[in-house]
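Everything below concerns the one structure shown next.
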Amino acid sequence: MLEVERLEVRYGAATALWDVSIRIAAGELVCVVGPNGAGKTTLIDAIAGLNRISAGRLAMDGRDLNHLPGHLFCDQGIAIVPEGRRLFVAMSVLENLELGSFRPAARVARQASLERVLEIFPALKTRLAAPAGTLSGGQQQMVAIARALMAKPRLLLLDEPSLGLAPSIVLEMFRVIREINESGVAVLLVEQNVAMALEIAGRAYVLEEGRIISEGSPADLMNQPHIRRAYLGESG
Amino acid sequence: MNFPSWTLLGQSLLSGIFIGSLYGLLGLGLSLSWGMLRQINLAHFALAFLGAYLTFQLTSVVGMDPLMTLALILPCFFAFGVLMQWLFSRFAISPFNSLLVTFGITVIIESLIQWLWTADYRRMDSVYADMKFKVGTLYVPIPELFTLLIAILLSLSTWALLRYTDLGRALRASAEDGQIAAAFGVNEKKLALLLSGFSAAFAGVAGLCLALSYTLSPSQIYAWIGVVFAAVMIGGLGNPIGPLVAGIVIGVAEAITMALISPAWAPLVSFSLLIIVLLTRADKI
Ligand SMILES: Nc1ncnc2c1ncn2[C@@H]1O[C@H](COP(=O)(O)OP(=O)(O)O)[C@@H](O)[C@H]1O
Ligand SMILES: [Mg+2]
């Protein structure tokens, strides 16, 4: 479904991604792990149309996205849960969700989508009128995921959804991500919580210093000594 | 201080509300482009005066009804606002530079007005000019009442649009985080053009109100800037109701000061209020 071929992204003179190729099939749950500053956010933002790419190719179902204006990426079925959530904090929770279904295709299904996300996150039911910025970190992350689901994506991009959350909420988030994936939505998950991410992923990539250094099933990756040392806390 | 009669005080209060509503009307477009487009649009004032002179011309010379002139002025001004925003985005003008550029536009429009209509004072004759009615002992002038009603109508409809429509939510979302709004399909550039068009059209409406109640001269453009900026900043940037409320508060405070103390003290009022607000709510501005 999604094809990223030899992608290169630069910030001014600094190159953040070199020659990155990944692909995601419909319904897959793919994980990208890597240390801080590896370029994970850069990659996910590029796929969502937030960053311009300087070389390589992005395609969805064979359709080239390279020259598509940023605001039309969501019409291709791509929705993002950005790093740090980036809610519209002055707007109410409900308004954030409604904005998620801004495009006409999602707008017609708004009511049904709303019921569905409130089923997934019942805790939001009583907070719909509250300004999004007043919610707890965990609830804000729920709003960020719910907002993306309101767009009725076929590919959901999640950038470190567990960042800064209490362990019990992290577990809940991973459960929900798996559930969303099982309902047929392909997921690209970026995580520093490598052990948990590999547990739910069908396939994974390792990104270091802007390059994909490894790719495979979670079991394959977990057998590589480098991965065990660098990401799974195994000593020497 | 000698205490004026109740009638005089009531009349002052009323004129304070009326002039305050014009502050609010002038501030509406300014607040929207500042809060949502991060542009400090000084040209808004010059545009309003251009609108006032055009209304004057179409009414006094061509013989149109002042209200009908809007049918010509609004579309032209809307187009002007769209064009201005297009150029701003084409040349990626920063918020600070927007101040300089729009000051330049102000000077150009002022010269244009001076060239076309000279620096003499102009007063529009219209059927509405001297219309008024009496409530108790107070006179209510129709043109000023019209200004108040228009200011309320435009502020409330802008508020409702921002609050209750998808377009309004998209505008507020892109003011908060343009990149993420775009990721959900909001075409920021298009919205900015629309907003700038509306802001300029609001200047056209304010121009009509200026022409209905005030004597026009090109240098008057600058007389309104300080107090309207005070109303905008007190009212909150991007807030469509704020400038009107703050404008009326300032207008009334000025009028009461004039009646109770001396007309010379009036300008102090708005700026004292502005300084107090800046000191107490610096974080919000
Ligand atoms: N807006 C930016 N401007 C300049 N450099 C950036 C910007 N965002 C990220 N970078 C740089 O790009 C590299 C990758 O960053 P990022 O994609 O955020 O990594 P990760 O999400 O894996 O932590 C880092 O070296 C970072 O400093
Ligand atoms: Mg990151």
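No experiment lies behind these values; they were computed from the predicted model shown. Letters A, B, ... mirror the listed sequences (proteins, then strands); counts begin at 1.
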(message) Within the supplied structure, the quantity of interest is the number of heavy atoms (other residues, nucleotides, ligands) at a distance under 6.0 Å from A:R57 CZ; does it exceed 12?
(response) yes
(message) Once rounded to the nearest 0.5 Å, what's the spacing between atom CZ of B:R169 and atom CG of A:L94?
(response) 7.5 Å
(request) Find out whether B:F184 and A:R147 are in side-chain contact, i.e. whether some heavy atom of one side chain is under 4.5 Å from a heavy atom of the other. (result) yes
(request) Determine, for B:E176 against A:R86, whether the closest basic-nitrogen to carboxylate-oxygen distance falls under 4.0 angstrom. (result) no
(request) Find out whether B:R172 and A:M91 are in side-chain contact, i.e. whether some heavy atom of one side chain is under 4.5 Å from a heavy atom of the other. (result) yes
(message) Can you tell me which portion of B:A181 sits under 4.5 Å from chain A's heavy atoms? Options are side chain, backbone, both or neither.
(response) both
(request) Could you grab the distance from atom CZ of A:F102 to atom CG of B:L167, nearest 0.5 Å is fine? (result) 6.5 Å
(message) Please give me the minimum heavy-atom distance between A:F88 and B:I180, naming the atom from each residue.
(response) CZ-CG2, 3.9 Å
(message) Take a 6.0 Å sphere around CD of A:E179 and say whether it holds more than 12 heavy atoms from other residues, nucleotides or ligands.
(response) yes
(message) With chain A as the partner, which of B:A175, B:A170, B:G185, B:A182 has the greatest number of non-hydrogen pairs under 4.5 Å?
(response) B:G185
(request) Can you establish whether the number of heavy atoms outside B:F198 located under 6.0 Å from its atom CZ is more than 12? (result) no
(request) Taking only Lys NZ, Arg NE, NH1 and NH2, and the carboxylate oxygens of Asp or Glu, determine whether B:D166 and A:R110 approach each other closer than 4.0 Å. (result) yes
(message) For the interface with chain B, which of A:G100, A:A48, A:G49, A:S101 has the highest count of heavy-atom pairs at distances below 4.5 Å?
(response) A:G100
(request) Would you mind reporting whether A:L50 and B:Q179 have side-chain heavy atoms less than 4.5 Å apart? (result) yes
(message) For the CZ atom on B:F96, are there more than 12 heavy atoms of other groups (residues, nucleotides or ligands in this structure) within a distance under 6.0 Å?
(response) no
(message) If I compare all heavy atoms of B:A183 with all of A:I80, which pair ends up nearest, and what's the gap?
(response) CB-CG2, 4.0 Å
(request) Check each atom of A:A151 against the heavy atoms of chain B and say whether the ones under 4.5 Å are side chain, backbone, both or neither. (result) side chain
